[in-house]
There are 2 protein chains.
Amino acid sequence: MAYQSAFAALADPMRRSVFERLMDGPQPVGRIARGMPVSRPAVSQHLKVLKEAGLVTDRAEGTRRVYSIDPQGLAAVRRYLDQFWTEALDAFTAEVEKDEGERNA
Amino acid sequence: MAYQSAFAALADPMRRSVFERLMDGPQPVGRIARGMPVSRPAVSQHLKVLKEAGLVTDRAEGTRRVYSIDPQGLAAVRRYLDQFWTEALDAFTAEVEKDEGERNA
DNA sequence: GCTTACCGTAAGTGATGGCTTACCAAAGTG
DNA sequence: CACTTTGGTAAGCCATCACTTACGGTAAGC
């Protein structure tokens with residue numbers, strides 16, 4: 001249902017980096033920002049976008065905010081792609097079979 | 001391997017519309033553009049981006065160019081997401097179980 | 001209470017990107 | 001050959017966006 005914002009969120013390379021960092025498990029903003037080529041506020045803004053896209057969740061832990069990956073957004077994108085999968089793949093292989101490898105680009 | 005450009009390509013709503021139109025099967029540019037709120041050159045530009053992202057392929061048919069969905073780009077995005085799937089989902093459910101529903105957003 | 005650490009937000013700026021119109025090339029049709 | 005159809009490309013414009021610095025607000029430590 002929110003695959004639209006999820007795509008937009010994952011389109012930016014830096015924001016993907018932020019997202020991928022969370023693969024190592026939940027982390028506070030400061031830790032995520034450390035070692036990144038952009039400022040901490042920039043990371044905060046990226047996290048906000050990711051959160052609105054349902055790709056991450058945050059929880060307060062003292063003065064820190066710990067972010068973790070939210071499977072919800074991932075699931076939305078996955079569903080969107082799967083919607084194409086059979087449909088498009090059928091049409092594609094049908095095309096390929098029709099003119100059996102006379103084209104390759 | 002080209003999930004990067006695929007995400008960027010699918011981030012734009014209008015470009016997604018172009019892409020989704022191909023679900024009805026391979027179509028020439030003119031047919032795709034007809035009924036769309038943007039000009040035909042705009043559609044051409046979108047198709048170029050989609051092509052470079054490995055999401056569509058084109059073949060010449062007389063003076064027309066017929067575009068179809070290319071599963072290759074879809075597969076790349078799918079693999080990228082799956083890479084998170086287990087990893088992130090494990091971490092997530094682990095977190096959820098740890099503080100068993102005391103937080104909800 | 002004061003200071004420090006942590007983080008979100010506001011404002012401003014430079015770059016990216018999607019759109020339009022205009023133009024050009026190629027393939028069919030008389 | 002002239003004419004039409006089809007579609008890719010160039011140039012220019014305007015909106016969006018990612019980044020920076022500056023600021024404010026809250027929780028912990030002394």
Side-chain angles (χ1 to χ4, degrees), chain A residues 2 4-22 25-70 99 102-103 105, chain B residues 2 4-22 25-70 99 102-103 105:
Chain A
Q4 347 220 4
S5 43
F7 274 122
L10 293 174
D12 184 68
M14 193 61 61
R15 197 153 44 217
R16 265 201 312 271
S17 293
V18 171
F19 184 61
E20 291 166 5
R21 275 231 162 181
L22 293 176
Q27 295 173 36
V29 178
R31 175 118 65 94
I32 301 174
R34 188 166 350 178
M36 284 221 141
V38 294
S39 69
R40 183 197 51 74
V43 173
S44 265
Q45 291 165 4
H46 284 311
L47 286 167
K48 182 179 184 180
V49 174
L50 289 170
K51 181 180 175 183
E52 287 171 354
L55 287 165
V56 302
T57 46
D58 63 330
R59 106 185 81 105
E61 192 163 293
T63 164
R64 349 200 150 179
R65 296 202 77 93
V66 179
Y67 282 83
S68 24
I69 290 183
D70 186 353
D99 39 39
E102 68 177 67
R103 143 188 49 101
Chain B
Q4 348 219 3
S5 43
F7 273 122
L10 293 174
D12 183 69
M14 194 61 62
R15 197 153 43 219
R16 265 201 311 271
S17 293
V18 170
F19 184 61
E20 291 166 4
R21 276 228 160 184
L22 293 175
Q27 295 173 36
V29 178
R31 176 117 66 93
I32 301 172
R34 190 167 347 179
M36 284 222 143
V38 294
S39 68
R40 182 196 52 75
V43 173
S44 266
Q45 292 165 3
H46 283 311
L47 285 168
K48 182 179 183 181
V49 175
L50 289 169
K51 182 182 176 184
E52 287 171 355
L55 287 164
V56 303
T57 46
D58 61 332
R59 106 185 83 106
E61 194 164 290
T63 163
R64 349 202 148 177
R65 296 202 77 93
V66 179
Y67 282 83
S68 24
I69 290 183
D70 186 352
D99 40 38
E102 69 178 62
R103 141 190 51 101

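Computed from a predicted structure; not experimentally measured. Each chain gets a letter, A, B and so on, in the order the sequences are listed, and its residues count up from 1.
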Short side-chain N/O contact from B/Y67 to OP1 or OP2 of D/dG8, under 4.0 Å: yes
For DNA chain C, the residues among residues 27-40 of chain A that have a non-hydrogen atom under 4.0 Å from it: A/P28, A/V29, A/G30, A/R40
Contact check, side chains of B/V56 and B/L22, non-hydrogen atoms, under 4.5 Å: yes
Pair partner, C/dG1 [Watson-Crick or wobble, under 3.5 Å]: D/dC30
Atom-pair distance (CZ on B/F7; P on D/dC17), nearest Å: 18 Å
Heavy-atom side-chain proximity of A/Q4 to B/R16 below 4.5 angstrom: yes
Of A/E61 and A/P41, the one whose closest DNA chain D nucleotide lies more 5': A/P41
Donor-acceptor under 3.5 Å (B/R21 side chain, B/R31 main chain): yes
A/R40 and A/S44, any side-chain heavy atoms less than 4.5 Å apart: yes
Side-chain donor or acceptor of B/R15 paired with backbone N/O of B/L10 under 3.5 Å: no
Nucleotide C/dA25, atom P - distance to CZ of B/R65 in whole Å: 17 Å
Note, A/L47 side chain near A/V29 side chain (heavy atom, < 4.5 Å): yes
Protein-nucleotide distance (B/R64, atom CZ; D/dT4, atom C1'), rounded to Å: 12 Å
Whole-Å gap separating P (C/dG8) and CG (A/L50): 12 Å
Nearest-angstrom distance from the residue atom CG of B/L47 to C1' of D/dG8: 11 Å
Length of the CG-C1' vector between A/D12 and D/dT16, whole Å: 13 Å
N or O in side chain of B/R15 less than 4.0 angstrom from C/dG18 OP1/OP2: yes
Given D/dA18, D/dT26, D/dG8, the nucleotide with the shortest approach to the side chain of A/T63: D/dT26
Rounded interatomic separation in angstrom, taking CD from B/Q45 and C1' from C/dT20: 9 Å
4.5 Å side-chain heavy-atom contact, A/H46 and A/S17: no
Whole-Å gap separating C1' (C/dT20) and CE (B/M14): 13 Å
